Amino acid sequence: MDKFVINGGHKLYGEVNISGAKNSVVAILPATLLAEGPCRIENIPDISDVRYMLKMLSAMGAKITMVNPNTFDIDTSYLSSHTVPYELTKHLRASYYLLGALLGRDAKARVAMPGGCNFGGVRPIDQHLKGFEALGATVDMEENAIVHAEADSLTGNSIYMDVVSVGATMNVMLAAVKARGLTVIENAAKEPHIVDLANFLNSMGADVRGAGTDVIKIRGVSKMHGAEYSVIPDQIEAGTYMAAVAACGGDVLIKNVVPKHLEAISAKLIECGAEVIEGDDTVRVISNADDLQHCNIKTMPHPGYPTDMQPQMATVLTLAHGTSIVSEGVWDNRFKYVDQLVRMGANIEVNGKIAIIQGVDHLNGCSVKADDLRAGAAMIIAGLAARGTTEIENVIFIDRGYENVVEKFNALGADMVRVPDEGDQPGRMKSAG
Ligand code: EPZ
């Protein structure tokens with residue numbers, strides 16, 4: 001597998017453009033299955049999660065035309081199959097959105113259980129299936145890990161989510177938009193990508209209200225038409241670049257963002273001593289990395305501090321003066337990356353869902369690996385800030401969610417290269433997440 005080699009210690013200056021949101025687009029692309037005509041989706045990030053999702057749609061018979069690397073025309077008027085096998089779903093956890101979209105379209109779906117980043121231990125989908133059953137679908141597990149969901153027709157219902165779940169909220173929205181009557185999702189997730197999906201569904205003629213609050217109401221419609229839609233900017237990609245500037249020092253204008261989506265991230269960087277200046281669709285981060293101060297982070301569902309920024313911010317805190325406490329409020333086990341930071345000289349003690357970080361003067365470059373997507377992002381930040389050279393293996397995980405990451409960081413003054421792994425074995429593709 002490819003690796004990144006970073007010569008650290010450079011401050012970051014200049015401008016970076018943020019791409020479309022991974023966690024929006026992996027739901028918006030399946031949602032095109034609900035349209036009885038072609039859709040044009042813009043601001044699609046050029047990342048491997050998107051390529052896998054497009055491959056699955058194409059395998060089902062969708063006609064997909066690339067207008068440019070960030071814009072695709074997708075026509076799902078005719079499907080050759082309602083089944084998505086494991087060899088396709090294993091690369092992408094978000095493949096489960098095909099279940100909700102196919103149910104919403106034709107009240108039948110056979111989709112193999114997805115892969116998934118291995119940070120969260122078991123990543124259940126019980127709330128997804130509970131939602132489908134509440135709408136009248138029969139759900140059972142078939143051989144080859146196929147989830148089979150089917151109904152004569154779907155009928156709206158009230159569904160209370162036992163846990164706040166981004167995936168389950170999105171999946172029930174997809175299944176409910178053409179169900180007969182009213183569906184109410186209570187204790188719904190409120191992330192920006194939930195709102196983005198709702199806006200796209202409504203642009204196709206759906207009737208989804210309340211997205212972004214914890215109660216979403218969906219009145220079923222009989223038909224949905226194609227639409228043109230542009231994906232929102234990626235909150236977590238933006239946050240990753242913001243954290244990198246804080247850790248390395250410098251002055252960077254981060255463009256094509258929604259500042260409101262970054263409020264929790266900006267607040268914590270300011271608490272650490274960085275300067276964050278908001279524009280209409282930009283944030284400027286200015287940091288003297290030597291003056292970073294400790295702060296505490298508790299990740300929670302939106303509008304709390306995003307769990308997908310936890311590894312990146314913890315990396316910043318390894319270089320902050322004093323003791324910081326990071327508690328993970330969403331996933332059971334999201335500190336696997338800490339071992340890699342400790343190899344670089346960080347002083348972190350993990351106890352269950354809490355990490356206690358004593359700031360150190362500097363990190364030392366060394367060979368590390370990306371255990372999952374956001375752990376990989378944390379390794380980049382650590383390598384950029386460290387003294388000496390850092391090699392990051394398993395960058396395939398990073399490619400899932402960061403478009404042109406080497407080019408974007410080098411344009412800010414980083415010294416980073418991608419090195420193809422000549423000994424790359426054709427072995428089993430590690431599941432992404
Ligand atoms: C989405 O995962 C994101 N992935 C994750 O981002 C993100 O960490 C997570 O939301 C939380 O924001 C995508 O959007 C593709 P959840 P998802 O359902 O939907 C439990 C990244 O780095 N749960 O909100 O799988 C679950 O175990 C990725 O971009 C159930 O118990 O997360 C977890 O503890 C990593 N039963 C909590 O809820 C269910 O049926 C939140 O999970 C579903 C979830």
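Order of appearance sets the numbers: ligands from 1, and atoms from 1 within every ligand. This one's a predicted model, so the numbers in the text were calculated from it and none came from an experiment.
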Between [X] and [Y], does any side-chain N to carboxylate O distance fall below 4.0 Å?
X      : Y      : answer
Asp421 : Lys3   : no
Lys255 : Glu15  : yes
Asp49  : Arg93  : no
Asp207 : Arg209 : yes

### Task
Report yes if some N/O of His193 lies less than 3.5 Å from some N/O of ligand 1; otherwise report no.
no
### Message
Checking the N or O distance criterion of under 3.5 Å, is ligand 1 in contact with Ala94?
### Response
no
Quick one: look at [X] and ligand 1, take heavy-atom pairs under 4.0 Å, and tell me if it's side chain, backbone, both or neither.
X      : value
Asp308 : side chain
Val163 : side chain
Arg334 : side chain
Val164 : backbone
Arg93  : side chain
Tyr96  : side chain
Lys22  : side chain

### Query
Can you list the residues that meet the ring-ring contact (aromatic ring centres under 6.0 Å, His included) rule with Phe4, with sequence neighbours excluded?
none
### Message
According to ring-ring contact (aromatic ring centres under 6.0 Å, His included), who are the partners of Tyr337, at least two apart in sequence or on a separate chain?
### Response
none
### Query
Does ligand 1 have an atom under 4.0 Å from some heavy atom of Pro124?
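Pro124: in contact with ligand 1 (<4.0 Å).
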### Message
I'd like the name of whichever of Ala375, Ala168, Ser165 reaches closest to atom 18 (O) of ligand 1 through any heavy atom.
### Response
Ser165
### Query
Checking Thr71 side chain against Asn68 main chain: does a donor-acceptor pair fall under 3.5 Å?
no
### Task
For the pair Glu328 (side chain) and Val330 (backbone), establish whether a donor and an acceptor sit closer than 3.5 Å, ignoring hydrogens and angles.
yes
Counting from 1, what ligand 1 atoms have a heavy atom of [X] closer than 4.0 Å?
X      : answer
Arg374 : 21 (C), 22 (O), 29 (O)
Gly167 : 18 (O), 19 (O)
Gln127 : 36 (N), 39 (C), 40 (O)
Thr307 : 8 (O), 11 (C), 12 (O)
His128 : 40 (O)
Val166 : 10 (O), 12 (O), 16 (P), 18 (O), 19 (O), 24 (O)

### Task
Determine the interplanar angle of the His91 and Tyr52 rings, folded into 0 to 90°, and report it as parallel if under 30°, tilted if 30 to 60°, perpendicular if over 60°.
parallel
### Query
Of Lys408, Lys22, Glu237, Arg374, which is the lone residue that meets side chain to side chain donor-acceptor pair (under 3.5 Å) with Tyr402?
Arg374
### Message
Test side chain to side chain contact (heavy atoms under 4.5 Å, CB included) on Val208 and Met173; report intermediate values, then the result.
### Response
CA-CA 8 Å; Val208 181; Met173 285 164 68; 4.2 Å; yes
